[in-house]
Amino acid sequence: MKRIALFPGSFDPITKGHEDIVRRALPLYDEIIVALGANSSKKYMYGLEKRMEWIENTFADCDKIKVIFYEGLTIECCKEQGAQFILRGLRNSNDYEYEKSIAMMNQSMAPNIETVYLNTRPECSAISSTIIRDIIKNQGDAKPFLASGVQL
Ligand code: ADP
């Protein structure tokens with residue numbers, strides 16, 4: 001059976017940290033699906049098409065990576081896509097606490113889907129889409145923190 005992992009997120013915009021997690025996870029899976037999730041209560045800085053284009057550009061060199069958009073529960077998206085794993089990245093203990101609660105709820109709703117974490121590399125641990133958006137809004141240079149396929 002093909003080993004498929006779903007990497008869900010809002011990627012507003014996709015960062016070096018996101019890219020690093022996906023690339024490091026590649027040897028573990030046959031396919032990684034980067035899943036752009038819509039959260040109706042969140043307001044995004046960049047539109048769906050832009051965010052999707054940047055993710056596709058970032059991973060254009062890799063045919064094991066697919067990019068999709070989804071609405072609703074992540075576990076339902078996993079079932080539709082045939083993904084047995086949810087991939088997440090951890091930067092610090094806040095990420096861990098937050099991710100743990102979601103993973104436990106997902107585990108009880110879908111016992112066959114495992115959440116797998118990779119720790120960020122130290123040089124990416126301070127990178128967040130939120131801080132990047134602030135830098136951009138204030139005309140700073142965010143390029144060093146953005147994924148390779150982002151063109152502002
Ligand atoms: P969400 O809206 O679900 O928090 P994000 O787009 O912010 O989505 O992040 C998606 C995933 O990437 C999450 O698991 C998050 O912890 C992880 N992540 C975000 N930034 C980094 C980083 N700099 N290094 C490693 N993982 C990261």
Side-chain angles (χ1 to χ4, degrees), residues 1-92 94-96 98-99 102-103 106 113-152:
M1 192 168 46
K2 241 177 127 183
R3 295 166 66 84
I4 305 175
L6 193 94
F7 184 57
S10 37
F11 310 111
D12 188 29
I14 182 164
T15 72
K16 223 177 201 162
H18 296 132
E19 179 174 0
D20 182 60
I21 295 289
V22 173
R23 290 193 185 274
R24 282 169 46 220
L26 272 175
L28 304 172
Y29 302 104
D30 298 307
E31 184 177 10
I32 296 182
I33 302 172
V34 182
L36 191 45
N39 181 338
S40 51
S41 63
K42 260 193 181 176
K43 203 152 166 16
Y44 300 107
M45 178 159 163
Y46 294 104
L48 177 65
E49 279 177 18
K50 238 317 123 224
R51 284 181 282 148
M52 193 106 172
E53 180 191 314
W54 286 337
I55 302 170
E56 278 165 355
N57 282 349
T58 298
F59 299 117
D61 60 322
C62 188
D63 49 11
K64 275 169 74 175
I65 299 174
K66 180 166 115 180
V67 186
I68 62 161
F69 164 73
Y70 77 103
E71 285 177 294
L73 292 178
T74 304
I75 48 162
E76 293 307 323
C77 179
C78 286
K79 288 178 194 166
E80 275 162 30
Q81 297 291 327
Q84 312 94 325
F85 304 95
I86 297 174
L87 174 66
R88 300 292 281 173
L90 294 178
R91 285 164 293 190
N92 49 43
N94 287 344
D95 273 357
Y96 174 69
Y98 174 74
E99 296 291 342
I102 299 177
N106 283 337
I113 299 173
E114 289 292 348
T115 301
V116 177
Y117 306 102
L118 288 188
N119 283 310
T120 185
R121 279 190 295 133
E123 56 270 40
C124 292
S125 70
I127 300 178
S128 75
S129 296
T130 311
I131 298 177
I132 287 183
R133 289 196 299 274
D134 259 0
I135 296 173
I136 295 169
K137 277 181 204 154
N138 292 291
Q139 293 81 45
D141 179 17
K143 187 130 188 36
F145 315 118
L146 291 165
S148 54
V150 181
Q151 266 137 11
L152 292 176

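The figures here come from the full heavy-atom set of this structure, side chains too, leaving out hydrogens, waters and symmetry mates.
- Of the possible polar contacts, none joining the Ser125 side chain to the Thr120 backbone as a donor-acceptor pair under 3.5 Å is found.
- Here Asn106 contributes atom CG and Glu114 contributes atom CD; the two are 11.0 Å apart, rounded to the nearest 0.5 Å.
- Between atom CZ of residue Arg121 and atom CD1 of residue Ile127 there is a gap of 9.0 Å, rounded to the nearest 0.5 Å.
- Salt bridge annotation for Arg88-Glu99: present, with a cationic side-chain nitrogen under 4.0 angstrom from a carboxylate oxygen.
- Remark: Lys50 NZ to Leu152 CG distance equals 9.0 Å, nearest 0.5 Å.
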Check step by step if side-chain contact (heavy atoms from CB on, under 4.5 Å) holds for Ile135 and Phe145. CA-CA 10 Å; Ile135 296 173; Phe145 315 118; 3.8 Å; yes

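- Annotation: the span from Glu31 atom CD to Leu26 atom CG amounts to 11.0 Å, rounded to 0.5 Å.
- Under a 3.5 Å cut-off, the side chain of Asn138 and the backbone N or O of Gly140 do not form any donor-acceptor pair.
- Remark: side-chain polar atoms of Asp95 are not paired, donor with acceptor, to backbone N or O of Leu90 under 3.5 angstrom.
- Salt-bridge formation is not detected for the pair Glu19/Lys16: no Lys NZ or Arg NE/NH1/NH2 atom is positioned less than 4.0 Å from an Asp or Glu carboxylate oxygen.
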side-chain contact (heavy atoms from CB on, under 4.5 Å) for Ser128 and Arg133? Distances and angles first, verdict last. CA-CA 9 Å; Ser128 75; Arg133 289 196 299 274; over 6 Å; no

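- For an aromatic pair to be called close, the ring centres must be under 6.0 Å apart, and Trp54 with Phe11 fails this.
- Atoms CG and CD1, on Leu6 and Ile113 in that order, are 9.0 Å from each other to the nearest 0.5 Å.
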Working note: Asp20 + Glu123, criterion side-chain contact (heavy atoms from CB on, under 4.5 Å); need CA distance, chi angles, decisive distance, verdict. CA-CA 10 Å; Asp20 182 60; Glu123 56 270 40; over 6 Å; no

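- Closest approach of Ala83 and Ala5 over heavy atoms only: CB-C, 4.4 Å.
- At least one side-chain heavy atom of His18 sits less than 4.5 Å from a side-chain heavy atom of Phe7.
- Interatomic distance, Leu87 CG to Ile33 CD1, rounded to the nearest 0.5 Å: 11.5 Å.
- Considering all non-hydrogen atoms of both residues, Ala147 and Thr58 come closest at CB-OG1, 3.7 Å.
- A distance-only check finds a donor-acceptor pair linking the side chain of Lys64 to the backbone of Tyr29 [under 3.5 Å].
- Salt-bridge annotation for Asp30 and Arg3: absent, with no side-chain N of the basic residue lying under 4.0 Å from a carboxylate O of the acidic one.
- At distances below 3.5 Å, not a single donor-acceptor pair connects side-chain atoms of Arg51 with backbone N or O atoms of Ile14.
- In terms of heavy-atom proximity, Ile21 sits nearest to Leu118 at CD1-O, 3.6 Å.
- Looking at Asp12 and Lys43, no side-chain N of the basic residue comes within less than 4.0 Å of a carboxylate O on the acidic one, giving no salt bridge.
- Within a 6.0 Å radius of CZ in Phe69, more than 12 heavy atoms belonging to other residues, nucleotides or ligands are found.
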Phe85 vs Thr115, side-chain contact (heavy atoms from CB on, under 4.5 Å): CA-CA, chis, key distance, verdict: CA-CA 6 Å; Phe85 304 95; Thr115 301; over 6 Å; no

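- The side-chain heavy atoms of Pro13 and Ser129, taken from C-beta on, include a pair separated by under 4.5 Å.
- Considering only heavy atoms from C-beta on, Val116 stays 4.5 Å or farther from Ile86 through its side chain.
- You'll find the side chain of Tyr117 stays beyond 4.5 Å of the side chain of Asn119, heavy atoms only.
- Across all non-hydrogen atoms, the minimal contact from Lys66 to Ile68 is CE-CG2, 3.9 Å.
- Remark: the backbone N or O of Asn39 is paired with a side-chain donor or acceptor of Tyr44 at under 3.5 angstrom.
- In this structure a side-chain-to-backbone donor-acceptor pair under 3.5 Å is missing from Gln81 to Lys79.
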